[in-house]
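Have a look at the structure below, then the notes.
The chains referred to below are lettered A, B, ... by the order of the sequence lines, with proteins before strands, and numbering in each begins at 1. Predicted model only: the values in this text are computed from it and were never measured.
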Amino acid sequence: MPTKIEPTTDTITIRLLHFAMNREMLGCAEERMTLPAGSAAADAWAQLVARAPKLAKGSRSQMVAINSRYATLDQPLQDGDELAFIPPVSGG
Amino acid sequence: MPTKIEPTTDTITIRLLHFAMNREMLGCAEERMTLPAGSAAADAWAQLVARAPKLAKGSRSQMVAINSRYATLDQPLQDGDELAFIPPVSGG
Amino acid sequence: MVHVKITEEVITAAALASRVRSDADGAIVSFEGVVRDNNAGKGVSYLEYEAYAEMAEREMAIIGSEAMREYGATNVAIVHRVGRMEIGEVSIAIAVAAPHRREAFAACAYTIDAVKERVPVWKKEQYADGGQWLGSQAEDKGNPALAVLSAEC
Amino acid sequence: MVHVKITEEVITAAALASRVRSDADGAIVSFEGVVRDNNAGKGVSYLEYEAYAEMAEREMAIIGSEAMREYGATNVAIVHRVGRMEIGEVSIAIAVAAPHRREAFAACAYTIDAVKERVPVWKKEQYADGGQWLGSQAEDKGNPALAVLSAEC
């Protein structure tokens, strides 16, 4: 398990949303996560995979959304951001 | 005016339907026409054009239908056939 | 299954969608032709449609069968309204069901193209200053034999 | 105008058609995605759809704008249903109005293609013997950076 990081001015807290197979593997639809300031989506994903290793299989097919917009893995997160990993979509 | 042909065993009588601009130029939607046996749609058209010369302008764009099916101009007509000239269609 | 009708009643694609669907279909594509307020910029007041109804229904049935055979549609419904229609009213409604969307789109587009090309229906546009049958300005493309004939009269 | 919605209610394209039409439009093309009883031959009992609703509505609005700008649609409406759906129920309804039919067909086909490609909605097929999220078998095409990362964990 990753070390729990206490909120300080050097940390950010984000809202994470989980959907579809991700939600089922993680066992929840929504959570808060505290990360070191300057963290990106990739850092949050690493924490999720550490907790639910089955997620790793889908790593290469996830898209990233920050505040309801497609984003890149390396975009720095801001405190209060809403982050979601988007497994392959199948709407329509 | 073409000579009126009296019905005999050597003649056929067909039902002619007129649509759209044809109907307006001819002043009727339906008529009977008696023709010599062996006549084709082209012969009926000639009679119509003689009666309403304005039809001539559209001669090259008419299609022919015999008994509700597209047909050719030279197909011999049978007694009792329903003949229609189909000006350019504009449905939809 | 092909359903066709020429009617004077108000029509909608919605009324056709449930007719065409079967349990193996994943896509329904519908087309509605609607009376526009202009044609190439000229203001249109209303339209009048006229049909050779019996033949039109026969041709629409043939077109529907072609859409099934050649484009993979499961079922096709085509209804064409005749008589006077105001701006915004539906003159033709088509619904096509197919297992997948590409077949449904292709079959529906084929159907309306074919209807416009060969179903005996005519449209008269009414303007503030008169009316005109559409197609009457169409380029000659038909029967050269008739042209010769009429030249003789 | 673009109208979009993610909803748990029953949806139909019919309810959208009147929303999209303007007096200059001559064509309305609609698409309904319907729950099929099979996928590649395997029997399906019912479907469950899940969406990232806020983002899905945002993406659908962008897609609708693209359909207008790039394909000449006048107005576009897109509604996607979520929750459990039985065979024959409509999961997505799209209606597109345009002055002429080719634009309406192209814009509607573009819209459903784009929705399937990038709107965050997921479908779980339920069979007699279990369920499966679709897309989970999709080929890798995403973020190589994540693969490296996860390999480290």
Can you name the side chain to side chain donor-acceptor pair (under 3.5 Å) partners of C/Glu125, sequence neighbours left out?
C/Asn39, C/Tyr127
Backbone N/O of D/Met85 and side chain of D/Glu48: donor-acceptor pair under 3.5 Å:
no
Any carboxylate oxygen within less than 4.0 angstrom of a Lys/Arg side-chain nitrogen, looking at C/Arg118 and C/Asp113?
no
Which bit of [X] comes within less than 4.5 Å of chain C, counting heavy atoms only: side chain, backbone, both or neither?
X	result
D/Ala17	side chain
D/Arg21	side chain
D/Ala109	both
D/Val29	both

Please step through side-chain contact (heavy atoms from CB on, under 4.5 Å) for the pair C/Val34 and C/Glu89, ending with a clear verdict.
CA-CA 5 Å; C/Val34 184; C/Glu89 290 197 294; over 6 Å; no
Select, from C/Asn38, C/Ile112, C/Thr12, the one with the greatest count of heavy-atom pairs under 4.5 Å involving chain D.
C/Ile112
Among the options C/Ala104, C/Ala13, C/Pro99, pick out the one with the most heavy-atom pairs lying under 4.5 Å from chain D.
C/Pro99
So, D/Tyr110 versus D/Glu66: side-chain donor-acceptor pair below 3.5 Å or not?
yes
Greatest number of heavy atom pairs closer than 4.5 Å to chain C - which of D/Ser30, D/Ala15, D/Ala14:
D/Ser30
Please determine, among D/Gly33, D/Ala27, D/Ala24, the option with the most heavy-atom pairs under 4.5 Å with chain C.
D/Ala24
Passes side-chain contact (heavy atoms from CB on, under 4.5 Å), D/Thr111 versus D/Ile78? Steps please.
CA-CA 8 Å; D/Thr111 299; D/Ile78 314 169; 3.5 Å; yes
By a 4.5 Å heavy-atom criterion (distance strictly below it), what part of C/Asp25 contacts chain D: side chain, backbone, both, or neither?
backbone
Apply the test side-chain contact (heavy atoms from CB on, under 4.5 Å) to residues D/Val2 and D/Asn75: give CA-CA distance (whole Å), side-chain angles for both, the deciding distance (0.1 Å), then the verdict.
CA-CA 6 Å; D/Val2 179; D/Asn75 294 303; over 6 Å; no
